[in-house]
Asks: 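First the structure, which I've put down as structure tokens, then a few questions once you've had a look.
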Amino acid sequence: MAGSYLLRLMIAFEHLTYRYPDAAGPVLHDLSFRIEEGEFVLVVGPSGAGKSTLLRCLNGLVPHFYGGAIAGRIRVAGRDPVALGPAGMSDTVGFVFQDPEAQFVIDQVEDELAFALENAGLDPATMRKRVEEVLDQLALAPLRRRSIHTLSGGERQRVAIGAVLTLQPRVLVLDEPTSQLDPQAAEDVLDVLIRLNHDLGLTIVLAEHRLERVVQYVDRVLYMPAPGQPILLDTPATVLNQMDLTPPVVTLGKALGWWPLPLSIKEGRAFARRLKLSPPPGSPPPVTAPDPIIAVRHLDYAYDGSPALADVSLSVRRGEFVALMGRNGAGKTTLLKHLVGLLRPTRGQVTVAGLDTRTAGVEGLIRHVGYVPQDPGALLFAETVQEELDLTLRNHGRPPGDYTTLLTALGLAGLEGRYPRDLSAGERQRVALAAILVAGPDVLLLDEPTRGLDYAQKEALTAFLQAERGRGRTVVMATHDVELVARCADRVVLLGDGQVVVDGPARQVMSESLVFASQVNKLFRDPAFLTVDDVLRAVEASSSTGYNGRRTWRGCV
């Protein structure tokens with residue numbers, strides 16, 4: 001019996017403690033758990049809890065690449081990553097980073113898949129066989145001779161997975177593989193992972209903030225609350241029932257006492273059908289002015305002759321919150337860059353706050369427009385958070401001020417003296433936002449603002465953006481985060497192949513979409529319900545629902 005159990009054990013952490021160089025304390029403290037062969041395990045927790053560090057222990061990147069002090073014991077497929085390092089573990093653990101670009105070496109798909117095999121010194125016949133198998137497994141054969149830089153985000157992520165699968169690892173480790181992907185591309189990548197797990201028995205360990213995308217597919221969830229706090233490794237329903245911030249369907253199920261706790265739309269529908277809801281009171285109309293602050297007329301733009309935007313026309317009124325949505329490569333970021341003057345139209349005209357972007361230049365536009373790109377590091381130059389905000393005001397010819405209210409609203413209080421680039425991804429994102437907002441721009445442009453944010457940080461950002469919308473600030477946001485759009489946006493502009501496909505009220509556009517609908521809308525298929533709050537308000541307003549005032553749905557327990 002003992003021997004059969006040992007054969008099934010794939011990953012074992014025994015009292016593992018790890019501290020980064022110069023860190024005040026360990027990020028992993030006395031960590032012990034086991035994962036069996038063939039399991040699909042999701043690692044969750046707030047930013048800074050140590051999720052990425054844990055993943056990097058599995059292939060020896062920690063401590064070999066990062067240094068620091070490590071104690072305890074790790075075994076992966078019976079091997080010691082601390083002793084062997086990344087090179088020694090590469091045929092056992094395949095590691096896929098959050099940004100696939102970070103691990104590409106060669107620009108052609110087929111050559112990238114073969115690169116690791118060449119380094120391993122495999123004979124040509126074996127190499128050819130393994131590359132062909134991976135091309136078939138991941139549906140990459142039609143892309144085999146494509147340049148990687150021409151692929152979509154989802155295609156690049158599949159190539160990154162394929163590049164590690166050619167070594168036939170026993171464990172596949174992925175760090176937020178869907179964070180940069182639109183909903184459909186994310187589904188495509190997750191379909192690949194499910195197939196690898198079910199059909200090949202591959203053990204998969206995946207860290208992800210957007211739990212609504214993946215939690216229904218995994219066997220167990222490893223919850224890391226914060227450094228030094230005990231972890232929880234159990235079934236998804238058991239773990240999520242003990243977490244404060246969860247995906248919308250789970251949040252609704254917990255609020256109404258649904259059990260077993262639904263993890264997917266399919267599981268939630270059985271409970272939703274029993275609810276008899278009156279439409280909730282309508283949301284207050286957005287605070288808008290009749291005159292447009294942004295006007296785009298027949299905009300064309302091409303990168304090196306390749307069209308990116310084609311005949312785009314739209315206007316945004318003062319005080320509107322507009323979400324730009326669409327698949328990767330649809331033109332969302334390109335449009336935002338036009339609104340701040342970083343790109344000039346090939347044809348057409350863009351005016352912002354009465355300024356023509358072709359003549360005003362970036363210097364003139366940033367007095368009215370604040371732009372936060374996908375990579376917040378592009379905006380961070382100073383030694384401390386305080387100096388970062390001071391720098392913005394000096395660039396606008398204004399003296400430094402008191403930032404307490406702004407930093408508190410963004411959950412950054414107490415970080416004034418920290419070096420921005422040493423902060424977590426979510427904290428850097430919010431510091432970049434603070435550095436833009438301190439100047440009080442009329443228009444705020446956000447490009448994937450929830451990328452890398454955990455649920456608590458996303459909740460804080462959502463509350464802040466809702467407050468800014470209420471104050472009448474104009475916000476244009478490019479995002480794949482349908483839940484953020486459902487809670488904040490007045491209007492959705494859906495782009496496809498560089499063109500405006502749909503432009504209308506958020507409730508209408510999202511409820512008519514199969515891809516860009518929120519979880520709650522998919523659950524009820526009614527434009528009256530986009531968010532959990534919509535449903536709870538309707539429950540409270542329905543006199544015959546059986547709702548008892550303590551958020552327990554008696555008829556569904």
Asks: For a side chain to side chain contact (heavy atoms under 4.5 Å, CB included) check, start with the C-alpha distance between L58 and I11, then their side-chain angles and the critical distance, and finish with the verdict.
Replies: CA-CA 8 Å; L58 295 173; I11 297 169; 3.8 Å; yes
Asks: Would the distance check show the side chain of T479 and the main-chain N or O of E448 forming a donor-acceptor pair, the cut-off being under 3.5 Å?
Replies: no
Asks: Between D447 and K332, is the closest basic N to carboxylate O distance under 4.0 Å?
Replies: no
Asks: Measure across L206 and P177 and return the closest heavy-atom pair with its distance rounded to 0.1 Å.
Replies: CD1-CG, 3.7 Å
Asks: Which atom pair, heavy atoms only, marks the closest approach of L233 to R34?
Replies: CD2-O, 3.7 Å
Asks: Salt bridge or not between E540 and R537? Use side-chain N to carboxylate O under 4.0 Å.
Replies: no
Asks: To check you understand the geometry: which heavy-atom pair defines the closest contact between P46 and P225, and what is its length?
Replies: CG-O, 2.7 Å
Asks: Within the structure provided, determine whether Y223 and I231 are in side-chain contact (heavy-atom separation under 4.5 Å).
Replies: no
Asks: Ignoring hydrogens and angles, state whether a donor on the side chain of T474 or R318 is under 3.5 Å from an acceptor on the partner side chain.
Replies: no
Asks: Identify whether the distance between the nearest side-chain nitrogen and carboxylate oxygen of D534 and R507 falls below 4.0 Å.
Replies: yes
Asks: Got a sec: does the CG of D422 have more than 12 other heavy atoms crowding it under 6.0 Å?
Replies: yes
Asks: Could you tell me whether the side chain of D182 and the main chain of G326 form a donor-acceptor pair under 3.5 Å?
Replies: no
Asks: For the residue pair E427 / S47, report whether a side-chain donor-acceptor contact shorter than 3.5 Å exists.
Replies: no
Asks: Nearest 0.5 Å, please: how far is CD in E483 from OG in S518?
Replies: 5.0 Å
Asks: Would you check if the side chain of Q103 reaches a backbone N or O of F97 as a donor-acceptor pair within less than 3.5 Å?
Replies: yes
Asks: If you measure from the Lys or Arg side-chain nitrogens to the Asp or Glu carboxylate oxygens, is any gap between R473 and D442 under 4.0 Å?
Replies: no
Asks: Counting distance only, does the side-chain N/O of K254 pair as donor-acceptor with the main-chain N or O of L240 below 3.5 Å?
Replies: yes
Asks: Checking R428 side chain against L423 main chain: does a donor-acceptor pair fall under 3.5 Å?
Replies: yes
Asks: Could you check if a side-chain atom of V250 sits within less than 4.5 angstrom of a side-chain atom of M243, using non-hydrogen atoms only?
Replies: no
Asks: Could you check whether T384 and E416, counting side-chain N and O atoms only, form a donor-acceptor pair closer than 3.5 Å?
Replies: no
Asks: Rounded to the nearest 0.5 Å, how far does CG of L174 lie from CD1 of I161?
Replies: 5.5 Å
Asks: Would you please say whether a donor-acceptor pair under 3.5 Å links the side chains of D454 and H209?
Replies: no
Asks: Compute whether any side-chain donor of one residue and acceptor of the other, for D402 and T404, lie under 3.5 angstrom apart.
Replies: yes
Asks: If you define the side chain from C-beta out and look only at heavy atoms, does anything of F13 sit under 4.5 Å from C57?
Replies: yes
Asks: Any side-chain to backbone donor/acceptor pair from R469 onto E320? Under 3.5 Å, distance only.
Replies: no
Asks: Measure across M477 and V485 and return the closest heavy-atom pair with its distance rounded to 0.1 Å.
Replies: CE-CG2, 4.1 Å
Asks: In terms of the angle between their ring planes, are Y18 and Y20 parallel, tilted or perpendicular, with boundaries placed at 30° and 60°?
Replies: perpendicular
Asks: Is the F271 ring parallel, tilted or perpendicular to the W258 ring (thresholds 30°, 60°)?
Replies: parallel
Asks: Please determine whether a side-chain nitrogen of the Lys or Arg among R220 and E39 lies less than 4.0 Å from a carboxylate oxygen of the Asp or Glu.
Replies: yes
Asks: Indicate whether the side chain of Y403 and that of D390 have a donor and an acceptor atom separated by less than 3.5 Å.
Replies: yes
Asks: Is there a donor-acceptor pair closer than 3.5 Å between any side-chain N or O of S513 and the backbone N or O of M510?
Replies: no
Asks: So, N521 side chain and D526 main chain: donor-acceptor pair closer than 3.5 Å or not?
Replies: yes
Asks: Please identify which of these residues, L495, V322, L335, V476, meets the side-chain contact (heavy atoms from CB on, under 4.5 Å) condition with L314.
Replies: L335
Asks: Would L393 and L389 count as a side chain to side chain contact (heavy atoms under 4.5 Å, CB included) if you check the C-alpha gap in whole Å, the side-chain angles of each, and the deciding distance to 0.1 Å?
Replies: CA-CA 7 Å; L393 290 180; L389 275 62; over 6 Å; no
Asks: Please say whether more than 12 non-hydrogen atoms of neighbouring residues, nucleotides or ligands are located less than 6.0 Å from NZ in K522.
Replies: yes
Asks: With a 3.5 Å distance limit and no angle check, can you tell me whether E388 reaches the backbone of A382 through a side-chain donor-acceptor pair?
Replies: yes
Asks: Would a distance-only check, ignoring hydrogens and angles, find a side-chain to backbone donor-acceptor pair under 3.5 Å from D219 to F40?
Replies: yes
Asks: If we check side-chain contact (heavy atoms from CB on, under 4.5 Å) with V352, which of these qualifies: V296, V369, V316?
Replies: V369
Asks: Would you say T238 and T235 are linked by a side-chain donor-acceptor pair, where the criterion is simply a distance under 3.5 Å?
Replies: yes
Asks: Looking at R418 and E383, does any basic side-chain N land under 4.0 Å from a carboxylate oxygen?
Replies: no
